[in-house]
Amino acid sequence: MCGRYTIAHSHKEIIERFKIEKEMLDWEPRYNIAPSQMVPIIIEQEHTPGERPVRIIQPSKWGLLPSWAKDPKKIRPMINARAETIAEKPTFRNAFKKRRCLIPADGFYEWTEIQGKKTPVRIRLKAGELFAFAGLYEDWTSPEGEKIRTCTIVTVSANETIAKLHDRMPAILRPGIEDEWLRAPGDDPTRILSLIGPYDDEKIDYYTVSKIVNSPKTDSPECMEPAPV
């Protein structure tokens, strides 16, 4: 699963990396993003065939709430969506067909047992670069007409490296398939699902970090610094 992550890169770096043309938020680096918080997602503006798609970055609340929910207090917002069931599960299937997004990140946290104690680790690409989680988003409208955009991170089976920590990992999109994740026709689930899977072992590493990351109230660069040996 993925319950905390980081986007320590600057707003400018995100805009350049993902070729954003329309900005609907101004991002400040975050070091311990937690569920229910507002996060940036990247979508493409609706366009007719033949038109050039325009990438938009905008805010979304982390924890997907399906559009058909009548009372959000009775449904637990889903921060993760298992890739194996997103095409059929009612909570996700409409978003899977029509509302896929990129969720920028540069690392995520997991907790593992070391010497009998739960210890946080930060997982990243070895080069430390920005990447995108495969995401889904939905719009829920309250009885008063307020629209809330929410999102979830798709997860897959862990690769060999991450399996030492957890049996699941977020679906990290390779740069060459990010466009297709956004644009692939929703009536071809097999094609869409073929785009995601465990990320390459040799490109990922991890290291232990301070237990200050345990608290979602703590959001400082110290969260992602290596713990003293």
**Prompt:** Trp140 side chain to Ala69 main-chain N or O, any donor-acceptor pair under 3.5 Å?
**Reply:** yes

**Complete:** Of Lys22, Arg183, Arg52, the one forming a side chain to side chain donor-acceptor pair (under 3.5 Å) with Glu44 is Arg183

**Request:** Dump the intermediate steps for side-chain contact (heavy atoms from CB on, under 4.5 Å) on Trp111 and Thr119, then the final yes or no.
**Result:** CA-CA 5 Å; Trp111 279 257; Thr119 303; over 6 Å; no

**Asked** Asn32 side chain to Cys223 main-chain N or O, any donor-acceptor pair under 3.5 Å?
**Response** no

**Message:** With no hydrogens and no angle check, just 3.5 Å: does a side-chain donor-acceptor pair link Asn94 and Trp68?
**Reply:** no

**Asked** Tyr137 and Ile7: same hydrophobic cluster, using ILVMFWY side-chain contacts below 4.5 Å?
**Response** yes

**Item:** Positive for salt bridge (Lys or Arg N to Asp or Glu O under 4.0 Å) with Asp205, one of Lys164, Arg124, Lys126
**Value:** Arg124

**Prompt:** Under 3.5 Å, side chain of Arg82 to main-chain N/O of Arg168, donor-acceptor pair present?
**Reply:** no

**Prompt:** Could you state the interatomic distance from OG1 (Thr91) to CG (Leu136), rounded to the nearest 0.5 Å?
**Reply:** 11.0 Å

**Request:** Go through the steps to decide whether Val209 and Glu225 satisfy the test side-chain contact (heavy atoms from CB on, under 4.5 Å), and finish with yes or no.
**Result:** CA-CA 6 Å; Val209 296; Glu225 291 180 359; over 6 Å; no

**Asked** Using the ring of each side chain (for Trp, its six-membered ring), is Phe131 parallel, tilted or perpendicular to Phe133, with breaks at 30° and 60°?
**Response** perpendicular

**Asked** Hey, any chance Val213 and Ile153 share a hydrophobic cluster, counting ILVMFWY side chains that come within less than 4.5 Å of each other, even indirectly?
**Response** no

**Message:** For Arg99, is there an ion pair with Glu138 - N to carboxylate O distance below 4.0 angstrom?
**Reply:** yes

**Asked** Between Arg30 and Thr6, does any side-chain donor sit less than 3.5 Å from a side-chain acceptor?
**Response** no

**Request:** Using the salt bridge (Lys or Arg N to Asp or Glu O under 4.0 Å) rule, take Asp179 and Arg55 through it: C-alpha gap first, then chi angles, then the decisive distance, then the call.
**Result:** CA-CA 10 Å; Asp179 286 349; Arg55 280 194 178 182; 2.3 Å; yes

**Message:** Please find the pair of heavy atoms, one from Ile79 and one from Pro35, that lie closest to each other, and give the distance.
**Reply:** CG2-CB, 3.5 Å

**Request:** Could you walk me through whether Glu178 and Arg17 pass salt bridge (Lys or Arg N to Asp or Glu O under 4.0 Å), step by step?
**Result:** CA-CA 12 Å; Glu178 290 169 356; Arg17 161 62 176 81; 2.7 Å; yes

**Item:** Donor + acceptor pair across side chains of Glu23, His11 (<3.5 Å)
**Value:** yes

**Asked** So, the side chain of Asp106 versus the backbone of Ala8: is there a donor-acceptor pair under 3.5 Å, distance only?
**Response** yes

**Request:** Identify the heavy atoms of Ser157 and Pro198 that sit nearest to each other, and give their distance.
**Result:** O-CG, 3.2 Å

**Asked** Should Gln58 and Pro40 count as side-chain neighbours, where that means a heavy-atom distance under 4.5 Å?
**Response** no

**Message:** Assess whether a salt bridge exists between Arg174 and Asp200, defined as any Lys/Arg side-chain N lying under 4.0 Å from an Asp/Glu carboxylate O.
**Reply:** yes

**Spacing of Lys19 atom NZ and Ile42 atom CD1 [to the nearest 0.5 Å]** = 11.0 Å

**Prompt:** Are Leu130 and Ile196 connected, step by step, through hydrophobic side chains (Ile, Leu, Val, Met, Phe, Trp, Tyr) whose heavy atoms are closer than 4.5 Å?
**Reply:** yes

**Complete:** Rounded to the nearest 0.5 Å, the NZ atom of Lys98 sits from the CZ atom of Arg93 at a distance of 11.5 Å

**Asked** With distance as the sole criterion, is a donor-acceptor pair present between the side chains of Thr85 and Glu88 under 3.5 Å?
**Response** no

**Item:** Same cluster (ILVMFWY, side-chain, under 4.5 Å), Leu165 and Leu125
**Value:** yes

**Asked** Does NZ or CZ of Arg122 lie under 6.0 Å from the centre of the six-membered ring of Tyr207, at an angle within 45° of the ring axis?
**Response** no

**Message:** Using the rule that Ile, Leu, Val, Met, Phe, Trp and Tyr join whenever any side-chain heavy atoms are under 4.5 Å apart, tell me whether Leu182 and Val154 fall into a single cluster.
**Reply:** yes

**Item:** Minimum heavy-atom distance Asn80-Cys2, with the two atoms named
**Value:** OD1-N, 2.8 Å

**Message:** In the structure I gave you, are the side-chain heavy atoms of Met24 and Ile56 within less than 4.5 Å of one another anywhere?
**Reply:** yes

**Nearest atoms (heavy-atom pairs only) where Glu110 meets Ile123** = CB-CD1, 3.8 Å

**Message:** Applying side-chain contact (heavy atoms from CB on, under 4.5 Å) to Cys151 and Ile103, what does each step give before you reach the verdict?
**Reply:** CA-CA 9 Å; Cys151 66; Ile103 301 180; 4.2 Å; yes

**Message:** Less than 4.5 Å apart, side chain to side chain, heavy atoms only: is that true for Ser36 and Trp62?
**Reply:** no

**Prompt:** Hey, what do you get for CD (Glu28) to OG (Ser10), rounding to the nearest 0.5 Å?
**Reply:** 9.5 Å

**Complete:** When every non-hydrogen atom of Ala163 is compared with those of Ala158, the smallest separation belongs to N-CB, 3.7 Å

**Request:** Would you check if the side chain of Arg100 reaches a backbone N or O of Phe96 as a donor-acceptor pair within less than 3.5 Å?
**Result:** yes

**Item:** Ile41 vs Leu102, side-chain contact (heavy atoms from CB on, under 4.5 Å): CA-CA, chis, key distance, verdict
**Value:** CA-CA 6 Å; Ile41 66 171; Leu102 308 179; over 6 Å; no

**Prompt:** So, Arg149 and Ser60: side-chain donor and acceptor under 3.5 Å apart, yes or no?
**Reply:** no

**Prompt:** Which value, rounded to the nearest 0.5 Å, describes the distance between Ser67 atom OG and Asp139 atom CG?
**Reply:** 8.5 Å

**Straight-line distance of Ile33 CD1 to Met38 CE, nearest 0.5 Å** = 12.0 Å

**Message:** Within the 4.5 Å heavy-atom criterion, are Ile75 and Leu65 side-chain neighbours or not?
**Reply:** yes

**Prompt:** Is a side-chain donor or acceptor of Glu16 paired with a backbone partner of Glu13 at a separation under 3.5 angstrom?
**Reply:** no

**Fill in**
Nearest heavy-atom contact between Gly107 and Tyr5 is O-CB, 3.2 Å

**Request:** Consider only side-chain N and O atoms of Thr161 and Asp201, and report whether a donor and an acceptor are under 3.5 Å apart.
**Result:** yes

**Heavy atoms of other groups near Lys89 NZ, more than 12 under 6.0 Å** = no

**Asked** Would you say Glu160 has more than 12 foreign heavy atoms packed within less than 6.0 Å of its CD?
**Response** no

**Message:** Quick one, Lys61 and Pro77 - any side-chain contact, counting heavy atoms below 4.5 Å?
**Reply:** no

**Message:** So does Met78 get a backbone contact from the side chain of Thr152, meaning a donor-acceptor N/O pair under 3.5 Å?
**Reply:** yes

**Request:** With the side chain counted from C-beta on, respond yes when Ile212 and Glu222 share a heavy-atom pair under 4.5 Å apart, and no when they do not.
**Result:** yes

